[in-house]
Structures are given as structure tokens and as C-alpha cells.
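Remarks on the structure that follows.
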Amino acid sequence: MGFLTAPRRSKSWWMRETYKKQEVARPCSGNLAVQRQEARQNTMAHGVQEVTASSRHYVDRLFDPDPQKVLQGVIDMKNAVIGNNKQKANLIVLGAVPRLLYLLQQETSSTELKTECAVVLGSLAMGTENNVKSLLDCHIIPALLQGLLSLDLKFIEACLRCLRTIFTSPVTPEELLYTDATVIPHLMALLSKSRYTQEYICQIFSHCCKGPDHQTILFNHGAVQNIAHLLTSVSYKVRMQALKCFSVLAFENPQVSMTLVNVLVDGELLPQIFVKMLQRDKPIEMQLTSAKCLTYMCRAGAIRTDDNCIVLKTLPCLVRMCSKERLLEERVEGAETLAYLIEPDVELQRIASITDHLIAMLADYFKYPSSVSAITDIKRLDHDLKHAHELRQAAFKLYASLGANDEDIRKKIIETENMMDRIVTGLSESSVKVRLAAVRCLHSLSRSVQQLRTSFQDHAVWKPLMKVLQNAPDEILVVASSMLCNLLLEFSPSKEPILESGAVELLCGLTQSENPALRVNGIWALMNMAFQAEQKIKADILRSLSTEQLFRLLSDSDLNVLMKTLGLLRNLLSTRPHIDKIMSTHGKQIMQAVTLILEGEHNIEVKEQTLCILANIADGTTAKELIMTNDDILQKIKYYMGHSHVKLQLAAMFCISNLIWNEEEGSQERQDKLRDMGIVDILHKLSQSPDSNLCDKAKTALQQYLA
């Protein structure tokens, strides 16, 4: 039976489905004695020994045969539960919920009684999360959604208010709103009924829109068109809820964002309305949410980053939100939204860094609440003490975005009082989110060569980082291992102590992860470690990694893993003694891997890297014989010399040049063999190439034959 066509609301499809699953929540039994018995069993099932007589009295009145007394009992219950969580819990335990739901769905119940039942259920939902769980267990959502089919506006509003309270609870699964396809269009139709339906429905949408699937459903059912005009409502609450709806609809959604840019409301484009809503004379909540809408539209590509509404309006508004005059949650939201806005754009990062002394302002996030805090409200102080870690997390996020590209900004951040100490402390905080934000901040700052050589070394950042890498969730491991790649660059003073602390084994372990990002970072860090490294380090890498794992990585389905593995192999096979040593022990397997890649369906970059590895092998003293005695490989080099892509021709040319170089022992025999293969003829052709680089390399190689 469909949602919009059900003629008998007391037997909706929701009830048929849910009662089959859970006998405990059968509120529809028509027999009063049975319902009373169920209520008593409900009390016993919850293990409650004592419930006040007054609470039991409220429930008993719901079973009175006189409808007027039942109505008065529900009204008295409503008055009794307002602001009284203990009373709410008692009534739930005594089985009030199934009876209220039964009365709400009975066709014989008066509209007034149904409305009062919905109000009481809404009040019960405003208690604890356990209250909401109990209501969900009794299948309250299907019953309330069925109530929306009523023609009585007051009853509809009461059902929506209760639904709003339930759906905004963190224990309610959002998917319950989308189970039946007829619910969303019916809610859209109810938007025009009253300012209360507008407020509650928009609030339900904004809380239940979690991700692209939900955005698409709401968008396809006309959410943009139905909600846009609400931004000019006389009701502030309606305007705010409509604004929140647009912020969740636009987040990381180009389709919605591109549509919003062109929507007209009373002759004014939506972005212009958002700009008006973030002016200083508007409530802070409205300013912040409008800034979020414009931020999300900008990040989705619907508004240019150099548009005045971003540079002159949105960015300054978000910086204002970071001021210590603002409440904790406003400062957190402002900093996190600003971090998201400027993350990919260097010009916005530069503008933000010089707006209202933002970098210094963020330092206050670590001092909150101070001993001389202006907070006189004890409840507010208690709340802020519990949530102070959110400020630190937001500050780290914004510092990470500010320092993503510009060297001067990074320098300013690091020179901010005790900044490096604060980041290092952040790496060991109990909150995973703070640790992740601290690692991201460090990673952003580690892109600076100067800071790697100075501040990072002065504070021995590598020590806490290695500790983080020992035992952390994947989301932290990905960023921490990415930062380790930077600390292992050849000019980093941290490289040696990191090597001594067992990094090789740790990184080799990462290459076996099921997470492709961790495999990439593990092999990338090893590649950096092997660059211009001593023979011992290279031997340690090969031993810890094992040739089996190396070749598994060379056949990895992730292109980044394959490219970084080829880079590692290239760095391992550098300097002649190292090349000869490695090829003497692993030559056969390496040549097999090279052959497979050159024969496979790989892109130009992969094959270029592989040919460069061959060129390195050809530079060895004894290793080059592994090429000269392998006719298959020689034919492949010849093929790539005549390839249509210059990059591959150049890489093949390096192989030939290293094989025929005159000053090396056995060069004459190698030259003769290659001449017999037709290599000299190809060199003559390449010496006429329009590509100057290729032409020069071919002429240099020919000179080896003439010398």
C-alpha cells in the first residue's frame, strides 16, 4: 500500500513490515486488557522494580474507555513530562509509547487526541538518546509519516515537529527518511502549508542529507526550487533552516552548486542573497551558514576563487569568526570552513594570511579557556572545557591550509609562539581528530626545504612521528607516512636518525597494506631513502622488502604504486658498484620484470621509467652483460628507438649510449653486435630528428663508433 494512496492509515505498509520483525512493539492490539498486559510486561522487561505511582497513573488513564478522559490524560501527561527527563523515562518503561502510537493511528481517535499524542511523543524524544532509541524500537517513524497524510494542519505540524526531533538525534539512521520513495515528494508538497511545516521539513532535510546519494534524491525532487523562495520568508527560523539545507546540498556537489548560481529569488540571484546574509548586522549563525554556502559553491567550481563575493565577502567573514570574541563553536566552524575554502588556492591562502592578523589570532585557539577567561556562565565554561580540543583541531586544519604552498606563510606559522611544540604535543593527544589535524599541519609545513633543515630538526619532529606510525588508524597513517616521505629526502637532516630507528621495516610493512595510499607512501618513502644511499641501506631495503614483494608491487593494479616501485628500483640501481652488486644477486628476476613491463599494456611514463632502469643497468661494469646476452631485451631497446614517442626514444638512446661507450672494457664487441642488429642505421636516422635533444644524443652515440 503506497504512502500517498493508503485509504486506511491504521494499517499502513510500515506497520505491516515492522510488526513482523519485532513483537515487543505491537501497539495496535485493539484489546485494552491485552495492551495493559503488554505495558506491564514492558515494565518488567526493563528490569524496573519501582516506578512512581503518579507515572503509572498517567499510563493507566490512556486506557480509559471514555475518549474525553483519555484526551485529558494525554494533556496532563504532556504537562508532566515537559523538562522532566526522569518522568519521560518512567513513562517509556511503563509502556506509554505503544499506547500513544495506537491512539495516534486509530481512525476513531479525534484529531485533537492524535495531535496531543504526537506532541507528547515529541516531548519524550527531546529527552535522552535512550528515549529516542526506545521510540525507534516502537517504530514511531512509520506511524508519524502516516500521520502526514491527514488533512488537519495542526496534526501534520505536530507529526513533523516530532519527526524533526527524532531525525536530529544522532542515534536515528538517516536512511529511514528514504526507505519509501513517496515520502520525499510528499514532504516537498507540505512545504507550502505553513511556516512551521517549512521550518521542520527543511530541518529534517538538512540533518538527513548525508552524501551524494541523498543530495541527488532531494535535488531530483525539486529541493532547490521548493526551498529557494523560503530564503525571503518573514520567519527567521525558516530562513535559517532553508540556508542550512542549501549548505548541505551544495557540499562537494557540482551539479547542485551550478544550479544554485543561476537561481533567481524575487529577481535576485541566490549568491547575492547569500552575500547579504553574511553581512555584519546579521546573526552570527546566518553569517556562518551563508559563508558555508558560498564556500561550498566555490569549491564545487560554481564560483571563481577570485570572485569578489569570495575575496571581499566570504573570506573576511570567516576570518571574523576566528576572533576570540566569538563562541567556541563559532570559532571552530569558522576556522574549519576557511581551511576548506583556501585549501587548493594559493592566492586565497596569501590573502587570508594577512587578513586581521589571522596567523597570530589562531595561536589563541591553544590558550582557551585561559585563567582570566571572560566566561562567567559556569555551564558555558564546562562545555568549553570539554570541547577545547575542537579548537586545537580547527587551528591545525587552518594552519595546514594556510601553509600548503607559500614559503613565507610557512615561516610565519612556525615562528608563531611555541608553534612546533604545540604541533608535537598534538601528535600524542587522545583525540584521533586532533592527532590527524596535527599530522596534516606538520605535513603541510614539511613541504619547506628550509623548515626541514631547521625547525623540524631542532624539535626532532621525526621522533613523535615515528611513534604515531607504530599504531594509528589508516587515516592518520596515510598522512603521517606521506610526511615521512618528505623527511627522508636527501637534504633532510632527519633522514639518518629515522633510518636508525627501524624505518625500513616499518615502510616495507606499509607496502603490504590493502590500502593503496599506504602502499604508495611506503614505496615512495623507500624510494626517497634509496636515493644516493650507501650500499648497506640499499641492501637493507632489498632484504626487508624481499624480491617477491618487489615484484608483486611491479604488478600492482594501482598505477602510482607501480611508478613509485620503478622509481625505487631506479634509485637502487645507481652508481656502478651498487648496480653490479644488486644485479649479481637479483639480475635474473629484475630482467624478467623489465621484460614483462615493456611487453605489457602500460602508459608512456611507465615504459619510460622501465627503459631508464635498463639504462642504469647498462651503466654497470658487469651488469651490462645481462643486457648484451639477452637478445629479447636488445630487440625491445631497438623497437623503442624507433617509437613514435620522443620520451621513449630518448630513454632507449641512453641504454645504447651506455652499452657502446668507448672507454669501457668490451665496448668494441658490444658495438659490433649492435651494428649487426641495425642500431647504427637507426642512429643515423635519429641524427636527423627534428627534436634537438634526440638529434644530439644520436650524434654523440655515433661518435663512439668513429672514435
So, Glu329 and His387: side-chain donor and acceptor under 3.5 Å apart, yes or no? no
Within this structure, what is the OG1-NZ distance for the pair Thr115 and Lys78, rounded to the nearest 0.5 Å? 10.0 Å
Counting neighbours of OH on Tyr196 that are heavy atoms of other residues, nucleotides or ligands and sit closer than 6.0 Å, is the number greater than 12? no
Answer yes or no: does atom CG of Asn471 have more than 12 heavy-atom neighbours from other residues, nucleotides or ligands under 6.0 Å? no
Please walk me through it: do Cys162 and Ile140 pass side chain to side chain contact (heavy atoms under 4.5 Å, CB included)? CA-CA 10 Å; Cys162 186; Ile140 187 171; 4.1 Å; yes
Walk me through it: do Asp152 and Ser150 pass the test side chain to side chain donor-acceptor pair (under 3.5 Å)? CA-CA 5 Å; Asp152 186 90; Ser150 168; 5.4 Å; no
If you compare all heavy atoms of Ala242 against all heavy atoms of Leu231, which two are closest, and at what distance to 0.1 Å? CB-CD2, 4.0 Å
Residue pair Asn515 / Ser513, side-chain donor-acceptor N/O under 3.5 Å: no
Is Arg99 reaching over with its side chain to a backbone N or O of Leu62, donor-acceptor style, under 3.5 angstrom? yes
Would one find more than 12 heavy atoms of other residues, nucleotides or ligands at under 6.0 Å from atom CD of Gln470? yes
Any non-hydrogen side-chain atom of Lys324 less than 4.5 Å from a side-chain atom of Arg331? yes
For the pair Gln198 (side chain) and Leu191 (backbone), establish whether a donor and an acceptor sit closer than 3.5 Å, ignoring hydrogens and angles. yes
Tell me, with the steps shown, if Ser428 and Arg435 meet side chain to side chain contact (heavy atoms under 4.5 Å, CB included). CA-CA 7 Å; Ser428 56; Arg435 292 207 307 274; 5.7 Å; no
Looking only at side chains, do Ser134 and Asp137 share a donor and an acceptor under 3.5 Å apart? no
Heavy atoms of other groups near Arg440 CZ, more than 12 under 6.0 Å: no
Aromatic plane relationship, Tyr340 with Phe251 - under 30° parallel, 30 to 60° tilted, over 60° perpendicular: tilted
To the nearest 0.5 Å, how far apart are CD1 in Ile166 and CG in Leu135? 5.5 Å
For Glu199 and Ser235, does a side-chain donor sit closer than 3.5 Å to a side-chain acceptor? no
Is a donor on one side and an acceptor on the other found under 3.5 Å between the side chain of Asn131 and the backbone of Leu124? yes
Using a 3.5 Å distance criterion without hydrogens, assess whether the side chain of Ser123 forms a donor-acceptor pair with backbone atoms of Val119. no
Locate the shortest heavy-atom distance separating Leu427 from Val468; write the atom from each residue and the value. O-CG2, 3.6 Å
Derivation and outcome, side chain to side chain contact (heavy atoms under 4.5 Å, CB included), residues Leu288 and Leu318: CA-CA 7 Å; Leu288 252 176; Leu318 291 170; 4.2 Å; yes
Does the side chain of Ser323 come under 3.5 Å of the side chain of Glu325 through a donor N or O and an acceptor N or O? yes
Ignoring hydrogens, what is the shortest heavy-atom contact between Val224 and Val263? Give both atom names and the distance. CG1-CG2, 3.6 Å
To the nearest 0.5 Å, tell me how far Gln225 CD sits from Met188 CE. 9.0 Å
Between His207 and Gln203, is there a donor-acceptor pair closer than 3.5 Å when you use the side chain of the first and the backbone of the second? no
Answer yes or no: is there a donor N or O on one side and an acceptor on the other, between the side chain of Gln105 and the main chain of Leu101, under 3.5 Å? yes
Is Arg392 close enough and on-axis enough to Tyr365, meaning under 6.0 Å and within 45°, for cation-pi? no
Rounded distance (nearest 0.5 Å) linking atom OH of Tyr296 with atom CG of Leu260: 13.5 Å
Below 4.0 angstrom, N of the basic side chain to O of the carboxylate: do Glu333 and Lys292 qualify? yes
In the structure I gave you, are the side-chain heavy atoms of Met286 and Leu278 within less than 4.5 Å of one another anywhere? no
Is there side-chain contact between Ser290 and Val275, with at least one heavy-atom pair below 4.5 Å? no
Look at the side chain of Thr232 and the backbone N and O of His229, then say whether any donor-acceptor pair between them is shorter than 3.5 Å. yes
Between Leu218 and Tyr178, is any pair of side-chain heavy atoms under 4.5 Å apart? yes
For the aromatic rings, using the six-membered ring if either is Trp, is the centroid distance between Phe205 and Tyr200 under 6.0 Å? no
I'd like to check Asn253 versus Phe219 (side-chain heavy atoms, cut-off strictly below 4.5 Å). Are they in contact? no
Verify the distance criterion only: is there a donor paired with an acceptor across the side chains of Glu129 and Ser169 at less than 3.5 Å? no
Leu270 and Val261, any side-chain heavy atoms less than 4.5 Å apart: no
Would you find a donor on one side and an acceptor on the other, under 3.5 Å apart, between the side chain of Glu116 and the backbone of Leu113? no
Is a donor on one side and an acceptor on the other found under 3.5 Å between the side chain of Thr165 and the backbone of Arg161? yes
Please determine if Lys397 and Glu336 form a salt bridge, counting it only when a charged side-chain N lies under 4.0 Å from a carboxylate O. yes
Can you confirm whether Lys237 is buried at NZ, in the sense that more than 12 heavy atoms of other residues, nucleotides or ligands lie under 6.0 Å from that atom? no
Can you see which heavy atom on Ala300 is nearest to which on Met258, and at what distance? O-CE, 4.4 Å
To the nearest 0.5 angstrom, please state how far the CD atom of Gln287 sits from the CZ atom of Arg280. 8.0 Å
Spacing of NZ belonging to Lys193 relative to CG belonging to Leu148, to within rounding of 0.5 Å: 12.0 Å
State whether Arg299 and Glu343 are salt-bridged, where the test is any N-O pair (Lys NZ or Arg NE/NH1/NH2 against Asp/Glu carboxylate O) under 4.0 Å. yes
Residue pair Tyr102 / Gln106, side-chain donor-acceptor N/O under 3.5 Å: yes
Among residues two or more places apart or on two chains, list those pairs meeting salt bridge (Lys or Arg N to Asp or Glu O under 4.0 Å) that have a residue in residues 240-260. Lys244-Glu285
Under the side chain to side chain donor-acceptor pair (under 3.5 Å) rule, what do Gln393 and Ser431 come out as? Steps first, then yes or no, please. CA-CA 9 Å; Gln393 176 192 335; Ser431 164; 5.1 Å; no
Take Ile141 and Thr172, measure what side chain to side chain contact (heavy atoms under 4.5 Å, CB included) needs, and give me the verdict at the end. CA-CA 10 Å; Ile141 289 178; Thr172 307; 4.0 Å; yes
Between Thr128 and Lys133, is any pair of side-chain heavy atoms under 4.5 Å apart? no
Exercise: do Gln72 and Arg61 side chains pair donor with acceptor under 3.5 Å: no
Using a 3.5 Å distance criterion without hydrogens, assess whether the side chain of Ser401 forms a donor-acceptor pair with backbone atoms of Leu398. no
Compare every heavy atom of Cys208 with every heavy atom of His214, then report the nearest pair and how far apart it is. ND1-O, 3.1 Å
Note: Lys276-Glu268 ion pair, threshold 4.0 Å (strictly below): yes
Output all residues satisfying salt bridge (charged side-chain N to carboxylate O under 4.0 Å, His left out) with Arg239, sequence neighbours left out; order by chain, then residue number. none
Can you check whether Arg326 reaches Ile284 side chain to side chain, under 4.5 Å on heavy atoms? yes
